[in-house]
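Note that the coordinates shown come from a computational prediction; the quantities given were computed from them, not determined experimentally. Lettering of chains follows the sequences in order, A, B, ..., and the numbering in each one begins at 1. We use all heavy atoms of the structure for the numbers below, so side chains are in, but hydrogens, waters and symmetry mates are not.
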Number of protein chains: 2
Amino acid sequence: MWFNYFGAMITLTEENYIKAIYQLGKYGTVNASTNSIADALETKASSVTDMIKKLADKGYVNYKPYQGVKLTQKGKKIAADVVRKHRLWEVFLVEKLNFSWDEVHDIAEQLEHIKSEKLINELDKLLDYPTHDPHGDPIPDKSGDIKKTDKTLLFNLDENAKGICVGVKDTSSAFLKYLDKYNIALGSKITVLSKEAFDDSMVIQIGETTINISQVVANNLFIKEQ
Amino acid sequence: MWFNYFGAMITLTEENYIKAIYQLGKYGTVNASTNSIADALETKASSVTDMIKKLADKGYVNYKPYQGVKLTQKGKKIAADVVRKHRLWEVFLVEKLNFSWDEVHDIAEQLEHIKSEKLINELDKLLDYPTHDPHGDPIPDKSGDIKKTDKTLLFNLDENAKGICVGVKDTSSAFLKYLDKYNIALGSKITVLSKEAFDDSMVIQIGETTINISQVVANNLFIKEQ
DNA sequence: ATATAAATTTAGATTAATCTAAAAATTTAT
DNA sequence: ATAAATTTTTAGATTAATCTAAATTTATAT
Ligand SMILES: [Mn+2]
Ligand SMILES: [Mn+2]
Ligand SMILES: [Mn+2]
Ligand SMILES: [Mn+2]
């Protein structure tokens, strides 16, 4: 039996639902729909409806039938804690255990559910209080706050614009390995040499080399413009 | 869905049962009884019977009704892996995250179920391949073997015998805190000054100081005689 | 050797989380 | 405005893990 911040019992499954709702609500203020939650968790809409009711009973979400859900303050705190743990563990795996950034997600999915406040705070200290995970995503602080930096998708940059790669939107192993192959990493300086209107591809310069990237790639790389 | 060494799916609960059976079979060759397993896991005998059947179906234990169970080779490997993970995580918590030896057990109970071979091997490397956990218990190697050292309970030492504290039998927080209070730690040099036949208490010397300990304490401290 | 006690198993329920299929509500398109 | 399509909910089952209470088997004591 494990108890959360508010002294209530919470299961691994409930945490996963709450995290999914949190991440769906990241952009915009719309409620998370039943189907979107089902997609995110690779489960069925009927399962989501059941769980949503339980989460509403426990005070983690506000729910009116057919209206989707939104996290309460309580729910947001739980979600931020899980995300904080997930991202700190990812940093640990890369910084201390020699993992590469495409290997950490699945293990962090497990580690994010370990319950111990001291553990996570000591881990934070061991890692010297990192602010971002290996994919450039911000790490919520103890109170659940994240300071969001101004970043844009590479896709939105104009010709001749310059910037630094600060994150990835798609964190799939396939995409991360593609980036490794072309020496694109967090911190890389990128210049847009040209844009092709026909297929929205781009020619960009990374350090000394020049490469052609597709619209798909450009839409999954976060850049801090300079 | 998680898969073990043999490619079979295994749940956290199954792992806990297998570990309990492993630890019950540590001394002697007798089968683990249904009730002893129930006690170890704080569950009911009827639940144990059900689970035992499932473990037998999966080939982790040999079971004949009313005869208790014994781990198969397959079961022993699973158990040793879980124990290895448990103890490596305990070392990590003490060595890298400033935990004391009385705080690590419950968290290791959670961490021992994290599935990643690379994770545990890298952790092993980070910790410089420790052979014992913070309570003096040996850490199984990758293939599940543990080299057991010759140790005896302090209770068995004669008057004037000397030894070094190499482990604790009772790993409860209460006992460990008692030991901290009297500056008894792994590595402490202990001399038996006298034994009291009446209540089996002892007077022992630790470094400069002399203390009286009860039979309960003497029966829970492992000593390497010198 | 029988009776009593203890250990173990079986039977039947319960809870969490899931699913499929069908019903109901909402949204979109004509 | 009505019909069609989509989304969401409900109904009914299933699986894993647990429990209580009763039945059965094994061990112990006279
Ligand atoms: Mn998760
Ligand atoms: Mn990440
Ligand atoms: Mn466990
Ligand atoms: Mn230990």
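The separation between B:Glu42 atom CD and D:dT18 atom P is 12 Å, rounded to whole Å. If you take CD of A:Gln67 and P of C:dA25, they are 13 Å apart, rounded to a whole angstrom. To the nearest angstrom, P of D:dT15 lies 15 Å from CD of B:Glu14. Going from atom CG of A:Asp39 over to atom P of D:dT7 covers 10 Å, rounded to whole Å. As a whole-Å value, the separation of A:Ile37 CD1 from D:dT9 P is 9 Å. Summarising the geometry, the separation between NZ on B:Lys58 and P on D:dT15 is reported as 14 Å, rounded to the nearest angstrom. Atom NZ of A:Lys44 is separated from atom C1' of C:dA21 by 12 Å (rounded to the nearest Å). In this structure, CD1 of B:Ile52 is placed 15 Å from C1' of D:dT18, rounded to the nearest angstrom.
In this pair, A:Phe175 and A:Tyr178 present their aromatic rings parallel. The plane angle is below 30°, not in the 30 to 60° band.
Mapping B:Asp50 and A:Thr34 onto DNA chain D by nearest heavy atom places A:Thr34 closer to the 5' end of the strand.
When only modelled atom types and interatomic distance are considered, B:His113 and B:Asn16 share a side-chain donor-acceptor pair under 3.5 Å. Inspection of the A:Asp106 and A:Gln110 side chains reveals no N or O donor paired with an N or O acceptor under 3.5 Å. If you check the side chains of B:Ser33 and B:Ser36, you find a donor sitting under 3.5 Å from an acceptor.
Contact annotation: B:Tyr66 does not reach the phosphate of C:dA6 (side-chain N/O to OP1 or OP2, under 4.0 Å). For the pair A:Tyr63 and D:dT9, the criterion of a side-chain N or O lying under 4.0 Å from OP1 or OP2 is met. A close approach under 4.0 Å does not occur between any side-chain nitrogen or oxygen of B:Thr11 and OP1 or OP2 of D:dA16. The shortest distance between the side-chain N/O atoms of A:Asn35 and the OP1/OP2 oxygens of D:dT6 is not below 4.0 Å. Here A:Lys53 reaches the OP1 or OP2 of D:dT10: one of its side-chain N or O atoms lies under 4.0 Å away. Phosphate proximity of D:dT10 to A:Thr49: absent, as no side-chain N or O sits under 4.0 Å from OP1 or OP2.
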Distance-only donor-acceptor pairs under 3.5 Å for side chains of residues 120-130 of chain A, two or more places apart:
{"residue": "A:Asn121", "atom": "OD1", "partner": "A:Arg84", "partner atom": "NH2", "Å": "3.3"}
{"residue": "A:Asn121", "atom": "ND2", "partner": "A:Glu117", "partner atom": "O", "Å": "3.3"}
{"residue": "A:Glu122", "atom": "OE1", "partner": "B:Asn98", "partner atom": "ND2", "Å": "2.8"}
{"residue": "A:Asp124", "atom": "OD2", "partner": "A:Arg84", "partner atom": "NH2", "Å": "3.2"}

Exercise. Under a cut-off of 3.5 Å for both distances of each Watson-Crick or G-U pair, what dot-bracket string does DNA chain C give, using [ ] for crossing pairs and | for inter-strand pairs?
Worked result: ||||||||||||||||||||||||||||||

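You'll find that the side chain of B:Met51 is closest to D:dT18, out of C:dT9, C:dT18, D:dT18.
Taking the salt bridge (Lys or Arg N to Asp or Glu O under 4.0 Å) definition, one finds that A:Lys224 meets it with nothing, sequence neighbours left out.
Within 4.0 Å (heavy atoms only), A:Thr13 reaches sugar-phosphate atoms of the nucleic acid but no base atom. Nucleic acid contact for A:Ser47: base, since at least one base atom lies under 4.0 Å from a heavy atom of the residue.
Ion pair B:Glu90/B:Lys85 not flagged as a salt bridge, since none of the NZ, NE, NH1 or NH2 atoms sits closer than 4.0 Å to an Asp/Glu carboxylate oxygen.
Residue A:Ser46 places a side-chain atom within donor-acceptor reach of the base of C:dT20, judged by atom type and a 3.5 Å distance cut-off alone.
For the pair A:Lys118 and B:Phe99, the cation-pi criterion (under 6.0 Å, within 45° of the ring axis) is fulfilled.
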